[in-house]
Amino acid sequence: MKGKSSVTIGISWCLAWGNGRKPQFDISILREMCEALRTGGEVPVEVRTIVQQVEDLQKIKEDYFPETLEQLKNDYSDLWNQTTNIGLVYGGVTKVKQYVFESAKIQEVRGASALLDRINLIDLPAFFNVKNLPQIYNAQCSDVRAWLNDNFHQDYNLSEVLIPELIIYSTGGNILAFCPAAYVNDLADAIEKRYTHETLTANSCAVGETFRPLEIRFGLLKEKIEDTPWLDWYNQNYQKQIVQAYFGFPKDEKERLEAFRNRKSFNEITTKLAILFNQRRSGNDITGRNTNRRYPVMFETHPYLMRDGSDRRSAIMRVDEGLARETNFSEASVRKYLVGDRAKDGDTKEPEWYLETNPKWHRGIFESWVKRFDRFLDKHPHLKTKYYGNIPPQNVEIPKTLTHVSNASKGFIAYIYADGNNMGGYIQKIRTPGKYKKFSLDVSEATEEAVFYALAENLHPHELRNLNDEDSQLKNGQLVHPFEIITIGGDDVFTIVPANKALEISQIIGEKFEELMINKTVDKSDEIADYRIEQTKPVDKKKIHRYQPQTAKPSECKLSTSIGVLITADDTPIYYAQDLVTQLLKSAKEKAKKLKKVEYHGGTIDFITLKSVTMIASNIKDFRQEALTKESPQKLKLYGGPYTLHEIGGLIQSIAALKKTKFPKSQLYQIRSLLERGKHTAILNYRYFRVRLKQGKTELQQHFEDAWCLPKDDKNGGNLAPWMYDTEDKVYETIWRDMVDIYGFVEEPKTEESENLENLIAGVES
């Protein structure tokens, strides 16, 4: 027989446990109940009534919404009278960037991110005795549960109170989970304490509350349920501003009913937890919570004491042997370094210089992103062949520094920062915990797979060449994976790749994410809605895409990603690069929000090429406004970003076509220098240069003029090259400057002749 859903088992466990710290039935009966629900067996007679109530709750159809509370009472009297509460806890790490990017060293950045990932993906699920974690973490999970029980063992060990089915999701740096009502505060304290125990300085926050079973389905209810404001009240007050601020701004009666139903659901109690979370994170005490707000640990410093590499804390050790150069570590920074120094997956042995200090903290087990990437490739043999070719995977090393990544692109790297679009709007319409669970899992899986797919499609193991650093742990001739994944969590991605593949990788991440989401199977037991968009009216593609709009596919997925891409030298300070790529992501998201008004729900990308660290003194928006926007007399925008995914593909194709014809670089730069002289001057000079071209004239017209610069209303023919006209903002813009900036980072399409020459050179070198 088929077992019950995890949500049914989790709620049954909470109700069977009861409101007290000791279960109302023997704990062996509760475990027998869970096993029966998992396998479809017979439930113990003592808890059959409770299980039936939970099944009744889960069987309430999504389109069921009573007009009056009296009707709800008559239809579900047992649930109405249920006095046992269900605990719900929400928590996770806060101020992530402050912790991860505190150091300028990639090894410590990598270690900080990996430590947070392990806490969220391994340690916290280990609280709940989750069994399907990678086998490599078995010892780590045992240690975590031992720590949990040592610190939280009043009445029962906390690990005995928790079961795997209580977790709704634990991805993206946050966890949402049910638990028995009496242990809400214990679990919230344990989550906060685990982050502090492992990281020392990362800020975290967790809150919890108890709810009645009916609130899981119908949102917050008054102590006397019949006093809860319901549809009759809402229909009389929906025009009041305070009511609209809470329920939204419906246009008609149909939208009014939908807005009320969306709010009065599981979504309403998660919103309450989010409010409590923000209150506690801001330093406010929560009523009923015994522990005060946990602020980050403050380490005392002194002007005459040596400080660590971040210059924020006093150093506890100086290491001059076993590292590339002498280094001062504080206790927090040495943990980041040790976790980032992952020479071998699953190797728990720390270096001798650390063990000589008789440490109390040990790094435990960590699985590198490369290991997870290899696991993905094993499931997709065609991608494994494309990425590795004939190279044995065990012969490829993890890059130790950004120099090893940039070696594949002449000293330049690209920071890629991606984040999901439309997630908040979609979540607001999720009405059940089953949907929350499935949605979180779908987004997390699609994001990770999209990144791995993009890397496998565009990269190959790189042989290091021309390394001049004598202290480098890797030498010339060794093979490395030419990428560095800082984090993939939920709908967030932060990765570093060679600059010459940055735009291709970014485009595929965005496209593959949408493809994977719309192909997700619909789980009928959890009543999961489809992620596919239902087209109800024709879309004017010319209002969305500037590059060959007639060839663009319409938006198919309700969810997408916006991506910021910063191309820069490998010696650019990482904290500075992180700040700039975050600004680019924000710009891309603003573009996505704007295009949503014209029915485009797809991804967007904004990028910039940073040739020198001092190029942008303030921020990207001000730089573009002051240096790349002119009034002469028409408003001119000397850049094209942000772009849609379709436009990025067109930009790459346009540059590749010019490179194939050996388009003179001098002409590229001359035309760019004339853009600032005004619209007409730029057009005249562009036409003059095009007429005089000896090569590339046809390609320029086909892949630039006809592809990008046709007027929106092309009844009269002609084009505006090198300009495009934005009818909404009434501005002339051009992609020419962007083309020049990334011209050197787009590879020329390979011909049969060039491939034969490469193979000949490779044979001679070997």
Side-chain angles (χ1 to χ4, degrees), residues 96-98 100-101 104 109 402 406 412-421 486 492-497 499 502-503 505-507 509-510 546 560-595 603-631 635-645 647-648 651-652 655 672-673 675-676 724 726 728-729 731-746:
V96 179
K97 295 175 186 176
Q98 178 179 301
V100 171
F101 296 100
V109 171
L402 293 183
S406 68
F412 282 86
I413 56 175
Y415 294 84
I416 297 177
Y417 188 12
D419 187 46
N421 294 327
I486 302 300
D492 285 351
V493 175
F494 197 99
T495 185
I496 303 170
V497 300
L503 294 185
I505 290 173
S506 301
Q507 181 191 12
I509 289 174
R546 296 164 293 182
S560 62
T561 54
S562 285
I563 304 173
V565 181
L566 175 69
I567 297 174
T568 185
D570 59 15
D571 58 357
T572 301
I574 193 168
Y575 55 85
Y576 179 61
Q578 178 269 326
D579 179 57
L580 291 181
V581 77
T582 301
Q583 294 178 42
L584 290 167
L585 172 63
K586 183 179 179 181
S587 172
K589 291 183 82 69
E590 289 174 354
K591 175 83 169 184
K593 187 176 181 180
K594 178 181 176 182
L595 291 178
T604 52
I605 296 175
D606 198 4
F607 70 88
I608 199 167
T609 303
L610 191 67
K611 297 295 178 64
S612 66
V613 175
T614 57
M615 182 176 138
I616 299 176
S618 53
N619 60 59
I620 292 174
K621 187 175 183 179
D622 290 344
F623 168 72
R624 285 173 166 174
Q625 184 65 35
E626 295 172 9
L628 302 180
T629 305
K630 306 293 179 182
E631 300 281 353
K635 187 175 181 180
L636 304 178
K637 203 172 80 169
L638 308 183
Y639 63 98
Y643 296 85
T644 64
L645 299 180
E647 289 173 343
I648 281 290
L651 184 65
I652 295 170
I655 296 173
R672 183 182 68 172
S673 67
L675 294 175
E676 298 183 10
M724 305 173 292
D726 186 334
E728 183 175 344
D729 293 336
V731 59
Y732 288 92
E733 56 189 356
T734 179
I735 66 165
W736 195 268
R737 188 182 193 89
D738 293 345
M739 289 174 62
V740 174
D741 285 345
I742 64 169
Y743 193 81
F745 301 112
V746 174

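Looking at heavy atoms from C-beta onward, Thr629 lies in side-chain contact with Lys635 at the 4.5 angstrom threshold. Contact of the Ile567 side chain with the Ile608 side chain is not registered, since no non-hydrogen atoms from C-beta on lie closer than 4.5 Å. The closest side-chain heavy-atom distance from Leu580 to Gln583 is below 4.5 Å. Side-chain contact between Val109 and Phe101: present, with at least one pair of heavy atoms (C-beta onward) separated by less than 4.5 Å. Residues Lys591 and Tyr643 have side chains not in contact (no heavy-atom distance under 4.5 Å, counting atoms from C-beta outward). The closest side-chain heavy-atom distance from Thr495 to Ile486 is not below 4.5 Å. Counting heavy atoms from C-beta on, the side chains of Leu628 and Lys637 never come closer than 4.5 Å. In this structure, Ser562 and Leu585 have side chains that are in contact, with non-hydrogen atoms separated by less than 4.5 Å.
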For Leu675 and Tyr732: C-alpha separation, side-chain torsions, deciding distance, then whether side-chain contact (heavy atoms from CB on, under 4.5 Å) applies.
CA-CA 11 Å; Leu675 294 175; Tyr732 288 92; over 6 Å; no
Just do the side-chain contact (heavy atoms from CB on, under 4.5 Å) check on Ile496 and Leu402 with the steps written out, would you?
CA-CA 8 Å; Ile496 303 170; Leu402 293 183; 3.7 Å; yes
Residues Ile605, Val565; criterion side-chain contact (heavy atoms from CB on, under 4.5 Å); working and verdict
CA-CA 7 Å; Ile605 296 175; Val565 181; 4.1 Å; yes
Assess the residue pair Lys589 and Asn421 against the criterion (side-chain contact (heavy atoms from CB on, under 4.5 Å)); give the C-alpha distance rounded to whole Å, side-chain angles, the decisive distance to 0.1 Å, and a yes or no.
CA-CA 7 Å; Lys589 291 183 82 69; Asn421 294 327; 3.1 Å; yes
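Taken to the nearest 0.5 Å, the OH atom of Tyr639 stands 10.5 Å off from the CD1 atom of Ile620. Distance CD/Glu590 to CG/Leu595: 12.0 Å, rounded to 0.5 Å. Of the inter-residue distances, the one linking Ile735 atom CD1 with Leu638 atom CG reads 13.5 Å to the nearest 0.5 angstrom. Expressed to the nearest 0.5 Å, how far CD1 of Ile655 lies from CG of Leu651 amounts to 4.5 Å.
Taking 4.0 Å as the cut-off between side-chain N and carboxylate O, Lys594 and Asp729 count as a salt-bridged pair. Here Asp741 pairs with Arg672 in a salt bridge; the nearest charged N to carboxylate O distance falls below 4.0 Å.
Ser506 places a side-chain N or O within 3.5 Å of a backbone atom of Ala502 that can act as its donor or acceptor partner. Between the side chain of Arg546 and the backbone N or O of Gly640, at least one donor-acceptor pair lies under 3.5 Å. Within the 3.5 Å criterion, the main-chain N or O of Asp622 finds no donor-acceptor partner in the side chain of Gln625. Listed for the Glu733 side chain is no donor-acceptor partner under 3.5 Å among the backbone atoms of Met724.
Here the closest non-hydrogen pair linking Ser406 and Ile413 is CB-CG2, 3.4 Å. In terms of heavy atoms, Ala418 sits closest to Ile563 at CB-CG1, 3.7 Å. Nearest heavy-atom pair across Thr609 and Ile742 is OG1-CG2, 3.5 Å. In this structure, Phe412 and Ala569 approach most closely via the heavy-atom pair CD2-N, 3.7 Å. Listed here is the closest heavy atom pair of Ala592 and Thr604: CB-OG1, 3.7 Å. The heavy-atom pair separating Leu584 from Gly564 by the smallest distance is CB-CA, 3.8 Å.
Evaluation of the salt bridge (charged side-chain N to carboxylate O under 4.0 Å, His left out) test over residues 572-581, restricted to residues two or more places apart or in two chains, returns none.
With 3.5 Å as the limit, one finds no donor-acceptor pair spanning the side chains of Asp492 and Tyr417. Checking Ser587 against Asp606 by side-chain atom types alone, a donor-acceptor pair falls below 3.5 Å.
By the 6.0 Å and 45° rule, Lys621 does not stack over the aromatic ring of Phe623.
With sequence neighbours left out, the salt bridge (charged side-chain N to carboxylate O under 4.0 Å, His left out) criterion links Lys630 to no other residue. Taking Tyr415 as the reference, nothing meets the ring pair (Phe, Tyr, Trp, His ring centres under 6.0 Å) condition, with sequence neighbours excluded.
No more than 12 heavy atoms of other residues, nucleotides or ligands sit less than 6.0 Å from atom OH of Tyr575.
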